[in-house]
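To start, the structure itself, in structure tokens.
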Number of protein chains: 2
Amino acid sequence: MHNHSIKQVTVVGTGVIGNGWIARFLAQGYDVIATDPAPGAEERVLASVERAWPALEKLGLAAGASKDRLRFEPDLAKAVADADLIQENAPEREELKRRLLAEIDLNAKPDAIIASSTSGLMPSTLQADCARSERIIVAHPFNPVYLIPLVELVGGKRTAPEVLAKAEQFYQSIRMKPLVISAEIEGHVADRLMEAIWREALHLVNDGIATTEEVDAAIIYGPGLRWSLMGPFLTLHLAGGEQGMRHMLEQFGPALKLPWTKLVAPELTEELSNQVIDGCERQTAGHSIAGLEERRDHFLIELQQLLEKYWPGANLNGKL
Amino acid sequence: MHNHSIKQVTVVGTGVIGNGWIARFLAQGYDVIATDPAPGAEERVLASVERAWPALEKLGLAAGASKDRLRFEPDLAKAVADADLIQENAPEREELKRRLLAEIDLNAKPDAIIASSTSGLMPSTLQADCARSERIIVAHPFNPVYLIPLVELVGGKRTAPEVLAKAEQFYQSIRMKPLVISAEIEGHVADRLMEAIWREALHLVNDGIATTEEVDAAIIYGPGLRWSLMGPFLTLHLAGGEQGMRHMLEQFGPALKLPWTKLVAPELTEELSNQVIDGCERQTAGHSIAGLEERRDHFLIELQQLLEKYWPGANLNGKL
């Protein structure tokens, strides 16, 4: 059924993220072993899978998928011994993760892939103490892991390209959208974008401009509606009329100098302008602006019909 | 049908934003007069309304709504003479807007509301040259204006509170979600948040970390999925488990010091922490975390079923 060779998966560390992975792997028909040294971890894992399961059933389970294919194994060495892929989700402390990954590396099969869910640490750092460092990668997911498809894949200096390629294929096969990132930076890509909006949101509250509720409303009823369809580049490309991004950079380039956020913008050089314009044109190759607008509009209508049931103030009694 | 007294609306300036307003007002059953000094403006207005109309029909027109209730009037004074609300959408140049608003003020009925769509200028500045400055407000919409419900309402130092209250009622009646913002700042609220993400996205491209397409993918398959349902605060509140935002601030507060974006974060004082935690608790009053998670999950499933038709790679032939 899958053309990669991954059959058994082990999840190390069972907080919100680890438990999200467990639910996704189970729903996709894998045998899953979970391990975590914390007291009561096994009960929390089981409860978490129970909570996620109705959503996963609604989305559609893979053939043979079952909650019963989960086993909790408190001993780390035993838990990873037979795994083809190990997903590590320990707390974000460098020392802890390095030590843990070295121990996983020591006890795992030689060709097992070891993936860390870290958001902030770089794979070159994480693989430093591992003997078989070529199979260490970052595979950074988003909450709730059993429903959000994005996973950022990053290799370190010593990661083998074929390991990344195999991991990409695996995460694709479990209904995810892997994004292979070629450069190692703290926060990868998505968390950097989220951190920018998060810091700006904190400034708005701190400066007394808006409450948390007003900030949230300014997102969900406005820009947030477009962001599941189009990222910041395509959004602006479509706001620019027939001239697209080229027009927007001419019109709003000067605003990059204004104090509209506390984030200093990069210099809008000709090179950067061209990168952005060419990128948007590549992304929309083969589609007219009018066609893209029509697609966006149909989506926005269907989305808002859907959101009527969920937005604040909707009658949630049937849902909760 | 409406309990405000606005019957005739005039739109001054017919670019992408002005034309979006025209389509929304017409679809909501208003008589609309459009005015713009640019050659060929009338033809572009008509073409733009034609393009938007099928989407608006799909969404549902108000009783009596008709494209024929639009009239183009090249003379500004005549165009605004009988309007109950005038929506101004001139280019974002302070001198131009101030002069234009003063002229509108001079020619409009004494009790007409004059609303500027400006994203960057403050209402106190815009009303400075107006005799009846108490009826000048900012009403800042989002593209496409005929579909996105958010409109930010901001009064200047001389704006009368009852004008803002009447405007809030009016925009609500045309199926919008008005957000009244109590402080005047450049970019209001939503554009500040968007500008932060936009600048960070430009840095990522400029630093060679990601292409425009990869940045967009990092949004649409990940955080963007949540942002039409939950803003940055509620999103983190739900990622924090039963302890919610309190736990997240303890866990990720230190990350505010890390160079995860080029935006410097505010100091996470006890006061700011409490504002954020209390805000999230107010937003979710009466709902359990488990209930909110269930609601989020149901939404994410339905959203992704919808997006299958629209995401890159989907077969768009039926749509375009």
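Naming convention: chains lettered A, B, ... in sequence-line order (proteins, then strands); numbering from 1 in each chain.
- The closest donor-acceptor contact from the side chain of B/Gln275 to the backbone of A/Leu202 lies at 3.5 Å or more, if one exists at all.
- At a 4.5 Å heavy-atom cutoff, the contact between A/Ala201 and chain B is made by backbone and side-chain atoms alike.
- Contact of B/Leu179 with chain A is made through the side chain alone, with heavy-atom distances under 4.5 Å.
- When every heavy atom of B/Pro232 is checked against every heavy atom of A/Val215, the shortest pair comes out as CG-CG1, 4.0 Å.
- Contact of B/Val16 with chain A is made through the side chain alone, with heavy-atom distances under 4.5 Å.
- In this structure, chain A has heavy atoms under 4.5 Å from both the backbone and the side chain of B/Ser119.
- With hydrogens and angles disregarded, no donor-acceptor distance shorter than 3.5 Å links the side chain of B/Glu200 to the backbone of A/Glu195.
- The side-chain hydrogen bond (donor to acceptor under 3.5 Å, both in side chains) analysis of residues 205-215 of chain A, with sequence neighbours excluded, yields the pairs A/Asp207-A/Lys262, A/Thr212-B/Gln283.
- Using a 4.5 Å cut-off between heavy atoms, A/Ile277 makes no contact with chain B at all.
- Remark: the backbone N or O of B/Ala52 is not paired with any side-chain donor or acceptor of A/Asp297 at under 3.5 angstrom.
- A donor-acceptor pair shorter than 3.5 Å can be found between the side chains of A/His298 and B/Lys58.
- Only the side chain of B/Leu306 comes within less than 4.5 Å of a heavy atom in chain A; its backbone stays farther off.
- Using a 4.5 Å cut-off between heavy atoms, B/Gln305 contacts chain A through its side chain alone, with no backbone atom that close.
- Using cut-offs of 30° and 60° for the angle between ring planes, the A/Trp227 and B/Trp227 rings count as tilted.
- Only the side chain of A/Met245 comes within contact range of chain B, with heavy atoms under 4.5 Å apart.
- B/Arg226 places a side-chain N or O within 3.5 Å of a backbone atom of A/Asn143 that can act as its donor or acceptor partner.
- The backbone N or O of B/Leu256 lies less than 3.5 Å from a partner atom in the side chain of A/Arg199, making a donor-acceptor pair.
- The greatest number of non-hydrogen atom pairs below 4.5 Å with chain A, out of B/Leu59, B/Leu56, B/Val205, B/Leu300, is found for B/Val205.
- Neither the backbone nor the side chain of A/Val151 comes within contact range of chain B; no heavy atoms are under 4.5 Å apart.
- Your options are B/Ala217, B/Pro144, B/Pro91, and the one with the most heavy-atom pairs under 4.5 Å with chain A is B/Pro144.
- Contact check on A/Glu294 versus B/Arg51 returns no salt bridge, with no Lys/Arg side-chain nitrogen under 4.0 Å from an Asp/Glu carboxylate oxygen.
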